[in-house]
There are 2 protein chains.
Amino acid sequence: MSLKHLILALVAQKPSTGYEITHEFDAVSSFFWRATHQQIYRELAALAEDGLLRFKAVEQKSKPDKKVYSITAKGRKAFAAWFAEAGSPPRQTDPLMIKFFSGELGGIDELRNQLRLARAAHEARLKRLEAVEAEHYGEPVAEMPRWKQCIYLTLQLGLARERVWLEWADMSDRVLAKGARRS
Amino acid sequence: MSLKHLILALVAQKPSTGYEITHEFDAVSSFFWRATHQQIYRELAALAEDGLLRFKAVEQKSKPDKKVYSITAKGRKAFAAWFAEAGSPPRQTDPLMIKFFSGELGGIDELRNQLRLARAAHEARLKRLEAVEAEHYGEPVAEMPRWKQCIYLTLQLGLARERVWLEWADMSDRVLAKGARRS
DNA sequence: CCTATCTATGCACCAAGTTGCATATGAACT
DNA sequence: AGTTCATATGCAACTTGGTGCATAGATAGG
């Protein structure tokens, strides 16, 4: 289960609160993950219960109290063990593919409409990723520190995926449009 | 929930048993979906309970009895309604990206090892998809019937994704290797 | 006053996915 | 006989993701 390990990694980099992690996810989720605050708090509690994290309660003025989590040695070990495991193939599912699979049943015109809607969403996502790249990754990769290179590479995969999706979408629309003219 | 709709689509194309659907998934999952027989039977029962499918029990000789499901008018309506809905962005998560994100913590050598393992899996998947293409989609797309074009397009996206992933993997390995030589 | 936003945390329930286990018959192989 | 595979169906428990709702204090705006 990978949310657990992403949280361990974040806390290992810097002791953090659930609130901070939630906000980090709002940024990171642009690339490669998504989690709600409910999930994050739930997981933090479980990790602390299992001894992989510990927390210190901190009182604040004019703000609610907060819990700052840090990683334990047991947590570091668990992370390293997971890191060295061979992963299993990620689940890659997209309901739009069901719509394509059942395109004749649902209707080709509606399918093309669905494709247009999805295309707009993917374009918006590509623009967001490009904005992140422009804002944070202006220097040549060879000049980036190691940690930054690694993150940069996750961004590059996100960008490449969006671009290939858009190319595929345009090709699909051409294929479907040709048939439409014929009938 | 999309498994439900994929099942509706399959049953709409041809009345089917849970066993047949499970086997269809084993093939379809190569492209774009995955489901266990437990899920499928669970969903079939729910769809029948809700009146979207009906079934006829059939006795067989030297084989267990089977249930052949077919779609009801209510099921067709539900499918059409879903088909016309704007979908939400698919969840795209890959634990390998967490490993990249936390590459310095986990170790660059191990990260490159993980990349190699993943690369082998993606290459195998690409070969499988290419074999499907060669076996079933030899003719030009313009000559395919409409239903076949739609399925062909799902395959093309699968192929394009795998290819772009492999390009990204090779680029990433080069970036990580350069740093390795430097340190 | 009310509403909205921010900081900060959390309970509860449901949905969807995963895994283990099960029944039963028949055929083929060791 | 036991094992394996195929046909065919299904229960149960747990995990992981999603959604709704909640508490509490402070600040700003209508």
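None of these values were measured; they are calculated from a predicted model. Here is how names work: the chains are called A, B, and so on, in the same order as the sequence lines, proteins then strands, and each is numbered from 1. Computed over heavy atoms, backbone and side chain alike; hydrogens, waters and symmetry mates excluded.
Between the CD atom of Glu20(B) and the C1' atom of dA6(D) there is a distance of 14 Å, given to the nearest Å. At whole-Å resolution of the value, CD in Glu59(A) and C1' in dT9(C) are 15 Å apart. Counting to the nearest Å, the P atom of dG10(C) and the CD1 atom of Ile40(A) are 12 Å from each other. Between the CG atom of Leu44(A) and the P atom of dT9(C) there is a distance of 9 Å, given to the nearest Å. Here dG10(D) presents its C1' atom at 14 Å from CG of Asp65(B), a figure rounded to the nearest Å. Note: CZ (Phe25(B)) to C1' (dA16(C)) measures 13 Å, nearest angstrom. For the pair Phe55(B) CZ and dA8(D) P, the computed distance is 16 Å after rounding to whole Å. To the nearest angstrom, P of dA16(C) lies 11 Å from CG of Leu47(B).
Remark: the Gln13(B) side chain and the Glu104(A) side chain contain no N/O donor-acceptor pair separated by less than 3.5 Å. In this model, a donor atom of one side chain and an acceptor atom of the other lie less than 3.5 Å apart for Glu110(A) and Gln114(A).
Heavy-atom distances under 4.0 Å link DNA chain D to Thr17(B), Gly18(B), Tyr19(B) of residues 10-19 of chain B, given in residue order.
Remark: Lys4(B) is not positioned above the aromatic ring of Trp82(B), lacking an NZ or CZ atom under 6.0 angstrom from the ring centre and at most 45 degrees off the axis. Cation-pi geometry between Lys66(A) and Tyr19(A) is not met at under 6.0 angstrom from the ring centre and within 45 degrees of the axis.
A salt bridge links Arg163(A) and Glu130(A); the closest N-O separation between the charged side-chain nitrogens and carboxylate oxygens is under 4.0 Å. Between Lys74(A) and Asp50(A), no side-chain nitrogen of the basic residue sits less than 4.0 Å from a carboxylate oxygen of the acidic one, so the salt-bridge criterion is not met.
Annotation: side chain of Leu105(B) is not in contact with side chain of Phe83(A) (no heavy-atom distance under 4.5 Å).
Here Gln60(B) reaches the OP1 or OP2 of dA8(D): one of its side-chain N or O atoms lies under 4.0 Å away. Between Lys67(A) and dG10(C) there is a side-chain polar atom (N or O) within less than 4.0 angstrom of OP1 or OP2. Distances shown here put every side-chain N or O of Tyr41(B) at or beyond 4.0 Å from the OP1 or OP2 atom of dG10(D).
For an aromatic pair to be called close, the ring centres must be under 6.0 Å apart, and Trp168(B) with Tyr152(A) fails this.
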>> Protein within reach of the bases, or only the backbone? For nucleotides 17-25 of chain D, mark each nucleotide 5' to 3' as B, S or -, using heavy atoms under 4.0 Å.
In response: BBBBB--B-
> Yes or no on side-chain hydrogen bond (donor to acceptor under 3.5 Å, both in side chains) for Arg42(A) and Gln39(A), after CA distance, side-chain angles and deciding distance?
Replying inline: CA-CA 5 Å; Arg42(A) 183 167 59 180; Gln39(A) 272 178 281; over 6 Å; no
